[in-house]
Amino acid sequence: MHYSRRRALKLLGLVTLTSATGQFLALPPLKAAQSPASPEALADFMQISRLLTQLDELNTTLAQALLMTLEQTHPGFASALTQLKNRLQNQPALLQQDRLTFSSADAESEKIAQAILGGWYNGVVGKGKGARYVTYVNTLAAQAVSDKLVPPSFSYGPIGSWAHQP
């Protein structure tokens, strides 16, 4: 009860202060990791994503969200992305493999490539407690099966319709 009362008094004080000044208090500026990525970084990310996924049409809004999340969760992501870009451009045979594998010396590039692909296909960046969900329905995995499966959590008929044979 004491906590709720204190919280209500703080809120009342903020409203009173705001009313007295006639304007809302300024919000703190966004941190660098929260600000949108530069157009150059987004262009590089899109280029690398197209190479890795082998798809030309990728959602730019989703790319922006994935890039921001990868920058927040992977220290040194910008330099690792540049290194991956150079590696893919200098070794085009990497993208011709059935399964994308890098040499042991390129472990960092492989880790970043897996993080990018995981974000696009699963909508998740990171693992365990550090995992961040960026999208659910708009993943490449959901798009790949969209002609056969209704996206999870979307109702497509009356209650119980899923129980009947098609």
Side-chain angles (χ1 to χ4, degrees), residues 3 7 10-11 14 18 23-156:
Y3 175 73
R7 191 170 177 184
K10 284 183 180 180
L11 182 61
L14 178 62
T18 302
Q23 59 186 357
F24 285 105
L25 300 174
L27 296 173
L30 292 174
K31 295 179 184 175
Q34 294 174 323
S35 62
S38 71
E40 297 83 17
L42 182 59
D44 283 347
F45 183 74
M46 288 295 288
Q47 179 187 8
I48 292 167
S49 293
R50 286 183 184 112
L51 289 171
L52 291 173
T53 62
Q54 298 186 356
L55 297 171
D56 291 331
E57 299 295 320
L58 295 173
N59 184 314
T60 307
T61 304
L62 179 55
Q64 180 78 32
L66 286 170
L67 179 57
M68 284 177 36
T69 306
L70 286 161
E71 287 174 339
Q72 292 171 359
T73 57
H74 290 77
F77 180 76
S79 63
L81 189 66
T82 302
Q83 183 180 4
L84 176 59
K85 179 182 175 184
N86 293 336
R87 182 97 48 240
L88 294 175
Q89 288 176 340
N90 295 333
Q91 299 175 13
L94 283 171
L95 296 171
Q96 304 305 318
Q97 305 173 67
D98 288 337
R99 181 181 168 161
L100 183 65
T101 54
F102 292 81
S103 68
S104 58
D106 299 329
E108 184 62 26
S109 290
E110 184 172 19
K111 179 181 171 185
I112 294 301
Q114 288 173 348
I116 292 170
L117 285 169
W120 280 108
Y121 278 92
N122 301 325
V124 178
V125 173
K127 294 181 181 178
K129 290 183 180 181
R132 295 188 186 177
Y133 286 88
V134 179
T135 187
Y136 182 60
V137 175
N138 298 321
T139 63
L140 292 180
Q143 289 177 17
V145 298
S146 65
D147 61 331
K148 302 282 187 238
L149 298 176
V150 176
S153 80
F154 279 76
S155 176
Y156 59 91

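Numbers for residues simply follow the sequence, beginning at 1. All of these numbers come straight from a predicted model, not from anything done at the bench.
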Thr73: partners by side-chain hydrogen bond (donor to acceptor under 3.5 Å, both in side chains), with sequence neighbours left out: none

Ala65: partners by side-chain contact (heavy atoms from CB on, under 4.5 Å), with sequence neighbours left out: Val134

Gap between atom CD of Gln72 and atom CZ of Arg132 - 0.5 Å precision: 4.5 Å

Residue list, side-chain contact (heavy atoms from CB on, under 4.5 Å) with Ser49, at least two apart or on another chain: Phe45, Leu58, Ile116, Trp120

Side chain to side chain donor-acceptor pair (under 3.5 Å): pairs with one or both residues in residues 100-109, sequence neighbours excluded: Arg87-Asp106, Gln97-Thr101, Ser103-Asp106

Nearest-0.5 Å distance, CG of residue Leu42 to CD of residue Gln47: 12.0 Å

CG-CD1 distance between Leu52 and Ile112, expressed to the nearest 0.5 angstrom: 11.0 Å

Donor-acceptor contact present, side-chain Asn59 to main-chain Thr61, <3.5 Å: yes

Ile48 CD1 to Lys85 NZ distance, which is reported to the nearest 0.5 Å: 6.5 Å

Interatomic distance, Gln54 atom CD to Leu100 atom CG [nearest 0.5 angstrom]: 9.0 Å

Trace of the side-chain contact (heavy atoms from CB on, under 4.5 Å) decision for Phe102 with Leu84: CA-CA 11 Å; Phe102 292 81; Leu84 176 59; 3.8 Å; yes

side-chain hydrogen bond (donor to acceptor under 3.5 Å, both in side chains) involving Arg50 - partner list, sequence neighbours excluded: none

Criterion side-chain contact (heavy atoms from CB on, under 4.5 Å) on Thr139 and Tyr121, from CA distance to verdict: CA-CA 5 Å; Thr139 63; Tyr121 278 92; 5.9 Å; no

Heavy-atom closest pair, residues Ala131 and Val124: CB-CG1, 4.0 Å

Partners passing side-chain contact (heavy atoms from CB on, under 4.5 Å) against Gln143 (at least two apart in sequence or in another chain): Leu140

Gap separating the CD atom of Gln89 from the CG atom of Leu95, nearest 0.5 angstrom: 10.5 Å

